[in-house]
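What follows is one structure encoded as C-alpha cells, with my remarks underneath.
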Amino acid sequence: MSLFLSKLCCKKDIDEVIKGVAEKVVVLRFGRDEDAVCLQLDEILSKTSHELSNMASIYLVDVDKAPIYTRYFDISFIPSTVFFFNGQHMKVDYGSPDHTKFVGSFKTKQDFIDLIEVIYRGAMRGKLIVQSPIDPRNIPKYDLLYHGI
C-alpha cells in the first residue's frame, strides 16, 4: 500500500472520480494492499505520481471493496490497471486480446510514464484506443480463459 496514493473504497467514490476528473488520465489500480505484486506496482505508481500530476490522477481500488467494478472489468488477476479520460474508458493495445486493462506490474517507472503520456496524447486527440509504447518483452503474458463458450 502506498501512503501517497488515494484509495477509493466504494462504487460511489469510483464513479465520482471517473466522472469528475477532467483533462487528466484517471488511473485505477485494482488489487489488494497485502499482495506482493500490488505493492511492487504501488511503489512505481507513487514514485511517478508527482511527475505525472499534470497528466494523470492515480487511485488504488481494493478488489474486495468494489465487486461491481471488479466483475465489470473482469479482474481475474491482480494487480490490474484501468485507464479513463474525461469519463471515457481508455483502451490500450498491448498486443494481447484484452485491451481493457493492464494486468501485472510495470517493469520500470519509465514504462508507466511512457504509457500515461501515450494515453494522454491520444485522449487529447479524441482517441479511445492507443497503441502501447511498452516493449512487448516487458508486458506480462496471461492466458485468457473463456468458460462455456
Side-chain angles (χ1 to χ4, degrees), residues 1-33 35 37-136 138-140 142 144 146:
M1 173 182 86
S2 173
L3 301 173
F4 303 109
L5 298 174
S6 299
K7 295 175 85 173
L8 303 176
C9 297
C10 64
K11 181 185 181 304
K12 179 180 172 256
D13 293 345
I14 297 167
D15 288 343
E16 286 176 5
V17 165
I18 291 171
K19 293 174 187 171
V21 175
E23 303 303 313
K24 284 187 176 182
V25 176
V26 172
V27 179
L28 301 179
R29 189 280 282 149
F30 287 84
R32 291 189 181 95
D33 292 341
D35 182 78
V37 182
C38 290
L39 291 172
Q40 178 185 356
L41 176 56
D42 291 354
E43 184 177 339
I44 289 172
L45 298 178
S46 65
K47 285 181 178 178
T48 56
S49 64
H50 181 70
E51 183 177 342
L52 293 170
S53 62
N54 292 334
M55 282 188 274
S57 296
I58 304 169
Y59 300 91
L60 307 179
V61 180
D62 188 311
V63 292
D64 299 317
K65 293 181 180 173
I68 291 173
Y69 277 109
T70 301
R71 282 191 307 274
Y72 182 78
F73 290 115
D74 191 27
I75 307 290
S76 303
F77 297 103
I78 58 170
S80 289
T81 309
V82 181
F83 306 95
F84 291 87
F85 188 85
N86 289 344
Q88 293 288 321
H89 182 204
M90 293 298 298
K91 296 177 179 73
V92 182
D93 183 354
Y94 302 105
S96 69
D98 188 357
H99 299 134
T100 61
K101 60 189 170 285
F102 184 89
V103 178
S105 181
F106 297 94
K107 297 280 188 228
T108 67
K109 280 183 5 179
Q110 194 59 50
D111 282 346
F112 179 66
I113 292 168
D114 292 346
L115 181 60
I116 293 301
E117 288 176 348
V118 166
I119 292 171
Y120 180 78
R121 287 189 185 114
M124 292 299 281
R125 292 186 190 118
K127 294 183 179 183
L128 295 177
I129 186 166
V130 296
Q131 185 70 37
S132 172
I134 302 172
D135 184 331
N138 288 351
I139 297 174
Y142 296 94
L144 297 177
Y146 297 99

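Throughout, residue positions are numbered sequentially from 1 according to the sequence presented. In this text the structure is predicted, and so the values were computed from the model without any measurement.
- Ile134 places a side-chain heavy atom less than 4.5 Å from the side chain of Phe106.
- Between Ile129 and Met90 the shortest side-chain heavy-atom distance does not fall below 4.5 Å.
- With sequence neighbours left out, Lys47 forms a side chain to side chain donor-acceptor pair (under 3.5 Å) with Glu43.
- Between Asp15 and Lys11 a salt bridge is recorded (basic side-chain N to carboxylate O distance below 4.0 Å).
- Counting all heavy atoms, side chain and backbone alike, Lys24 lies closest to Ser57 at CD-OG, 3.4 Å.
- Note on ring orientation: taking the six-membered ring where Trp is involved, the planes of Tyr120 and Phe85 are perpendicular (angle over 60°, cut-offs 30° and 60°).
- Between Lys91 and Thr100 there is a side-chain heavy-atom pair separated by less than 4.5 Å.
- Rounding to the nearest 0.5 angstrom, the gap separating the CG atom in Leu28 from the OG1 atom in Thr81 is 9.0 Å.
- With rounding to the nearest 0.5 angstrom, the CG atom of Leu41 is 7.5 Å from the CZ atom of Phe112.
- Partners of Asp114 according to the salt bridge (Lys or Arg N to Asp or Glu O under 4.0 Å) rule, which considers only residues two or more places apart in sequence or in another chain, do not exist here.
- Considering all non-hydrogen atoms of both residues, Asp35 and Pro79 come closest at OD2-CD, 4.4 Å.
- Ring geometry for Tyr69 versus Phe30: interplanar angle of 30 to 60°, hence tilted.
- Between Tyr72 and Val82 the shortest side-chain heavy-atom distance does not fall below 4.5 Å.
- Put simply, the side chain of Leu115 does not reach to within 4.5 Å of the side chain of Asp111, judged on heavy atoms.
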Verdict with supporting geometry, Val25 and Phe84, side chain to side chain contact (heavy atoms under 4.5 Å, CB included)
CA-CA 6 Å; Val25 176; Phe84 291 87; over 6 Å; no
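- The salt bridge (Lys or Arg N to Asp or Glu O under 4.0 Å) search around Lys101 returns Asp98, not counting sequence neighbours.
- In this structure, Arg121 CZ and Ile116 CD1 are separated by 12.0 Å, a value rounded to the nearest 0.5 Å.
- Listed for the Asp93 side chain is no donor-acceptor partner under 3.5 Å among the backbone atoms of Val130.
- Here the closest non-hydrogen pair linking Val37 and Ser105 is CG1-CB, 4.0 Å.
- Side chain of Thr48 to backbone of Lys109: no donor-acceptor contact under 3.5 angstrom is found.
- A salt bridge does not link Lys7 with Asp62: none of the charged nitrogens is closer than 4.0 Å to a carboxylate oxygen.
- Residues Ile113 and Leu52 have side chains in contact (heavy-atom distance under 4.5 Å, counting atoms from C-beta outward).
- Atoms CZ and NZ, on Arg32 and Lys65 in that order, are 11.5 Å from each other to the nearest 0.5 Å.
- Using a 4.5 Å heavy-atom threshold, the side chains of Leu45 and Phe4 count as separate.
- Between Ile58 and Arg29 the shortest side-chain heavy-atom distance does not fall below 4.5 Å.
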